[in-house]
Amino acid sequence: MNNSNLIKTVRWMRNHKKLILFVIIMILIAILASCITGGDGSGASMAVGILISGVDGGKHVVDGPLTTDMSREGSPDLLLNEIDQQIVKIRPMSTPIDQISRYAGSKHSGSMVVDYYSVDTKPTKTYLSTEIEESTPSAGDDTPIAVINTSDNEIFDPTDTILVQGIPGAGSDGTTMSKQDLMLYVLNRDNSGVTVMAVNGFTINGVPNCFPNITAGTSLIRMGRAASELDVQSPQFESLPKKSRNLCQIFKMQVEQSTLQRLANKEVGWTMSDQEEAAVYDMRLGMEKSFLFGSARQMWNPVKKETIFFTGGIWNQAGKEYALEGSVELDTAKMVELMREAFTGNAGSKRKILIGGSGLISSISKLDYSRIITAGQHVSKWGIDFTELRSKFGCLYVLLSEVFDEVGMEDNGIIIDPEYIQKYTHIPFSTEQLNLKKSGVRNVDALVMTEASCLVLRYPMAHMRIITR
């Protein structure tokens, strides 16, 4: 190439620098793609690797390294989330309430004071306060109307229907007694009481739908509303949530080891990590007791000159209570009634958790199980091994909690609905290294663990205390 052509080439390259740079970049991309696909376009993943199945259902990586994405695909439970994993793995069976709340996830609270709302269902059952006398009409009289009073008149509205339990209604002919209970229809409700008519009442002296005698104390069940053809409206239904409050408690635990202790030869491998595990267990055990039986209070500390927050336990938050007679042995019939009370009248889930002391668990273990109540297999949930107890009402996951024994309540227990237990966290569980050497306090390695949290039962009527008297 002569000088003139060389000069022209240089000038052209100067004038087309962007084009040349683009071509170089495209060549590099093509080379990189060729390396990834193996050069033959076969698409075999050389750098990423692929998953293949093993002979017994396992997964293996070939043609590449193991990555986190491949771990999640081949073994979803292998990689743990960062939050709370250290504390979750330490002796979960001893602290079931704390364990379940951590697996369920917590909501962040921007304050140490937690206000929350819960709503329940409108009552459906009440009792007759005063007796209703049998109707005595004369021929040609209008259909009888009665004003009744109950222990809770407010649950009834016009067009409601009421089932009178245990009081037979009339058959289709109006004179014979039916196997169906008497049903009432609500015309009005005011300060004087609830005005009703009998839907399937008796015919007396040619007057239909007369009232039979109904004694005081009879159960009345609110049923569905019955509108007429021209009705376009219905009595209003409003439900307001109830505001409740709990306080986050600051839980702390500090571990220290002197420098000489760390350097000294030891007969067994007892390290700072072992001390941390023991401290975490003790911390969780204390939190478990506070989460169960704590009292929500604020108290002024005159020594530290600041306010201390104490969290409230779920034992007193539970909306229902069931009493067992300590002198009477627990049998299948009583267990059926206990499960009936736990699973009905609260619209909760059909799988709940029974946690109790050694006395209560011992009584449950001595039951002669039948086709009514059966003891199922062991169930593992939330990192805890439960014994499943089944009935027609629902399933209970039963577990011993020695915390009840420690507080002198070995014959008591609590049934909780895991769908309606919520943890609020102001300060998530965390660890912090304290440099006490530089600050001139002590020649030690120090670690402090902190969490500020509380538990609440969002739907109190779905949870029940079991008390042995």
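For the numbers below, each heavy atom of this structure counts, side chains included, while hydrogens, waters and symmetry mates do not.
Interatomic distance, CE of M287 versus CZ of F429, reported as 8.0 Å (0.5 Å rounding). Atoms CG and CD1, from L400 and I355 in turn, are 10.0 Å apart once rounded to the nearest 0.5 Å. Taking CD1 from I97 and CD1 from I416, the interatomic distance works out to 3.5 Å, rounded to the nearest 0.5 Å. Between L360 atom CG and E410 atom CD the span is 10.5 Å, to the nearest 0.5 Å. Annotation: the span from K423 atom NZ to E451 atom CD amounts to 3.5 Å, rounded to 0.5 Å. With values rounded to the nearest 0.5 angstrom, Y397 atom OH is found 11.5 Å from T387 atom OG1.
Contact annotation: the side chain of E341 approaches that of M464 to within less than 4.5 Å [non-hydrogen atoms, C-beta and beyond]. Taking the side chain as every heavy atom from C-beta outward, D157 and R189 approach each other to under 4.5 Å. Counting heavy atoms from C-beta on, the side chains of K107 and Q422 come closer than 4.5 Å. Residues L389 and M335 are in side-chain contact: their nearest non-hydrogen atoms beyond the backbone lie under 4.5 Å apart. A heavy-atom distance below 4.5 Å is found between the side chains of L354 and I364. Using a 4.5 Å cut-off on side-chain heavy atoms (C-beta onward), N149 and V194 make no contact. Contact check for F386 versus H378: no side-chain heavy atoms found under the 4.5 Å cut-off. F293 places none of its side-chain heavy atoms less than 4.5 Å from the side chain of N316.
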Full working for salt bridge (charged side-chain N to carboxylate O under 4.0 Å, His left out) between R469 and E325: CA-CA 5 Å; R469 296 175 178 173; E325 295 296 332; 5.4 Å; no
I353 and L396: CA distance, side-chain angles, deciding distance, side chain to side chain contact (heavy atoms under 4.5 Å, CB included) verdict: CA-CA 5 Å; I353 301 167; L396 281 179; over 6 Å; no
side-chain hydrogen bond (donor to acceptor under 3.5 Å, both in side chains) assessment of D405 paired with S358: CA-CA 7 Å; D405 289 17; S358 60; 2.7 Å; yes
Side chain to side chain contact (heavy atoms under 4.5 Å, CB included) between T159 and V186, worked out: CA-CA 5 Å; T159 73; V186 179; over 6 Å; no
Intermediate values then yes/no, side chain to side chain contact (heavy atoms under 4.5 Å, CB included), Y424 and L455: CA-CA 6 Å; Y424 287 92; L455 288 185; over 6 Å; no
Criterion side-chain hydrogen bond (donor to acceptor under 3.5 Å, both in side chains) on T150 and S129, from CA distance to verdict: CA-CA 5 Å; T150 71; S129 298; 5.6 Å; no
Criterion side chain to side chain contact (heavy atoms under 4.5 Å, CB included) on M183 and M223, from CA distance to verdict: CA-CA 9 Å; M183 192 168 75; M223 301 199 301; 3.1 Å; yes
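Residues C454 and N246 approach most closely at CB-ND2, 3.9 Å, considering heavy atoms. In this structure, W315 and G413 approach most closely via the heavy-atom pair CZ3-O, 3.1 Å. Across every non-hydrogen atom of A296 and L247, the tightest pair is C-CD1, 4.2 Å. Residues Q317 and V456 come closest through the heavy atom pair OE1-CA, 3.2 Å. Across all their heavy atoms, K289 and V403 have their closest contact at CG-CG1, 3.7 Å. When all heavy atoms of T218 and Q165 are compared, the pair lying nearest together is CG2-O, 3.4 Å.
Geometric assessment of K352 against the ring of F343 yields a positive cation-pi assignment under the 6.0 Å and 45° thresholds.
Proximity of a side-chain donor or acceptor of T126 to a complementary backbone N or O of D152 within less than 3.5 Å is detected. Between the side chain of R340 and the backbone N or O of F393, no donor-acceptor pair lies under 3.5 Å. In terms of modelled atom types and a separation under 3.5 Å, the side chain of T450 and the main chain of S430 share no donor-acceptor contact. Under a 3.5 Å cut-off, the side chain of T425 and the backbone N or O of I427 do not form any donor-acceptor pair. Between the side chain of Q99 and the backbone N or O of W382 there is at least one donor-acceptor pair closer than 3.5 Å. Remark: side-chain polar atoms of D417 are paired, donor with acceptor, to backbone N or O of S349 under 3.5 angstrom. Formation of a donor-acceptor pair under 3.5 Å by the D160 side chain with backbone atoms of R225 is not found in this model. Of the possible donor and acceptor atoms, none in the side chain of K366 sits under 3.5 Å from a partner among the backbone N and O of S363.
Take R351 and apply the salt bridge (Lys or Arg N to Asp or Glu O under 4.0 Å) test, not counting sequence neighbours, and it matches E388.
Heavy atoms of other residues, nucleotides or ligands lying less than 6.0 angstrom from CD of E337 number more than 12. Counting non-hydrogen atoms of neighbouring residues, nucleotides and ligands closer than 6.0 angstrom, the NZ atom of K381 reaches no more than 12 such neighbours. Within 6.0 Å of atom NZ in K350, more than 12 heavy atoms from other residues, nucleotides or ligands are found, so the atom counts as buried in its surroundings. Within a 6.0 Å radius of CD1 in I250, no more than 12 heavy atoms belonging to other residues, nucleotides or ligands are found.
None of V113, V114, T311 except one satisfies the side-chain contact (heavy atoms from CB on, under 4.5 Å) rule with C248; the exception is V114.
Between H426 and H108, the ring planes are parallel. Angles under 30° get that label, and only those over 60° would be called perpendicular.
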